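Quick notes on the structure that follows.
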Amino acid sequence: MSNSYFKFKHFTVYQDKCAMKVGTDGVLLGAWASISGVNSILDIGTGTGLISLMLSQRSNHSLPIDAIDIDKDAVVQAQENISQAGFLNISCNSVSLAEYEQNTSKKYDLIISNPPYFISSLLSPDKQRTMARHTESLPVDDLFRLSASLLDTGGRLALIFPYQDKDLLLSLAQKSGLFTVRVTNVRSTMASRYKRVLMEFSNIESMVVENELTIEMERHVYTSGFKEMLKDFYLKF
């Protein structure tokens, strides 16, 4: 995925101006997040605009999507991708989450984010310290706290993170008054350990639905679950 663009069935994502390239994490989150009953979406750290484009396609371009990113170059890239796709329901702006939360009266049914969080095991033995960093701009506890204030009643926050940080995320969500409602543990193959976790949180408590997803049966041989999830996006498997 090191090309200057990545072509999907209904849009192309150019990524030459953006540090955050198209990757499996973003694609999984964009396909996995529930949009049932959703009337408004906020995409935090939109990068190339990938997730907003995916959610726009999934909703038949009917849902208003606000996409924000602190990186001005990323916003330029996302705006270009959105314009070329012709998806008129997406608005993209360069602003921090803290500034956005302070200056908007909007409430959202879905807030979604795949920001470039560092993987804690590679950086520091102090997990709390490492998880407090997001490219030195957005602590994870702030992501939860500010997102919680922007959610409408019954709204959901959807995230993807390294699996090793799952318990810490559960704790931070609880501190922000959010309940875990949906979890998918992701591994590359049946023989491998879980690598990522997809999580949805809500300000209304409900029964937690938890399952797992395996991406490949063997190298470049994808599972039926993975193919079903991404059949509307990938040109081929």
Side-chain angles (χ1 to χ4, degrees), residues 1-33 41-58 65-85 87 90-101 108 110-123 130-140 142-144 146-147 157-165 169 186 188 195-200 215 229-230 233-235:
M1 293 188 179
S2 58
N3 292 337
S4 61
Y5 68 91
F6 194 91
K7 190 171 181 59
F8 293 87
K9 281 187 176 180
H10 299 289
F11 55 84
T12 299
V13 176
Y14 292 89
Q15 52 188 5
D16 54 291
K17 297 184 180 71
C18 188
M20 282 291 288
K21 309 301 183 185
V22 173
T24 304
D25 284 8
V27 175
L28 280 174
L29 183 59
W32 176 86
I41 298 173
L42 175 63
D43 177 11
I44 299 170
T46 192
T48 60
L50 168 65
I51 291 175
S52 288
L53 290 163
M54 292 182 70
L55 294 177
S56 178
Q57 178 185 317
R58 289 178 58 198
I65 301 173
D66 292 324
I68 63 172
D69 201 299
I70 198 169
D71 184 337
K72 293 181 180 180
D73 289 336
V75 169
V76 170
Q77 186 97 79
Q79 289 172 336
E80 291 175 353
N81 288 331
I82 292 163
S83 176
Q84 290 183 24
F87 293 0
I90 307 172
S91 173
C92 188
N93 293 285
S94 178
V95 62
S96 71
L97 177 58
E99 291 173 319
Y100 189 80
E101 188 269 342
Y108 294 92
L110 173 64
I111 298 177
I112 191 165
S113 185
N114 174 35
Y117 283 95
F118 296 119
I119 299 173
S120 56
S121 63
L122 299 180
L123 290 175
T130 300
M131 279 293 291
R133 299 178 63 202
H134 159 217
T135 61
E136 302 179 349
S137 62
L138 180 61
V140 186
D142 283 357
L143 172 63
F144 277 99
L146 296 170
S147 295
L157 170 65
L159 306 170
I160 185 167
F161 267 85
Y163 180 81
Q164 64 204 36
D165 297 318
L169 296 176
V186 182
S188 299
K195 183 179 180 181
R196 294 287 186 266
V197 60
L198 292 151
M199 307 185 79
E200 275 187 354
I215 295 175
M229 180 180 290
L230 294 172
F233 299 99
Y234 280 172
L235 291 172

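Please read these numbers as outputs of a predicted model, since none were measured by experiment. We use all heavy atoms of the structure for the numbers below, so side chains are in, but hydrogens, waters and symmetry mates are not.
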Between the side chain of [X] and the main-chain N/O of [Y], is any donor-acceptor distance below 3.5 Å?
X    : Y    : answer
R58  : G30  : yes
D71  : D73  : yes
E200 : A158 : no
Q77  : C18  : yes
E101 : S147 : no

For [X] and [Y], which heavy atoms make the closest approach, and how far apart are they?
X   : Y   : answer
I51 : G26 : CG1-O, 3.6 Å
I70 : S94 : O-OG, 3.7 Å
I90 : S52 : CD1-O, 3.6 Å

Side chains of [X] and [Y], heavy atoms from C-beta outward: is any pair under 4.5 Å?
X    : Y    : value
T48  : Y14  : no
I160 : W32  : no
Q15  : S4   : no
L42  : L110 : no
N81  : F87  : no
V27  : Y234 : yes
I68  : L97  : yes
F6   : K21  : no

Distance from [X] atom [atom1] to [Y] atom [atom2], nearest 0.5 Å?
X    : Y    : atom1 : atom2 : value
I65  : Y108 : CD1   : OH    : 11.0 Å
Y163 : M199 : OH    : CE    : 9.5 Å
D43  : C92  : CG    : SG    : 8.0 Å
N114 : L50  : CG    : CG    : 8.5 Å

Have a look at F233 and tell me which of K9, H10, Q57 forms a side chain to side chain contact (heavy atoms under 4.5 Å, CB included) with it.
Q57

Under 3.5 Å, is there a donor on one side chain and an acceptor on the other for [X] and [Y]?
X   : Y    : result
N93 : Y100 : no
E99 : S96  : yes
D69 : T46  : no

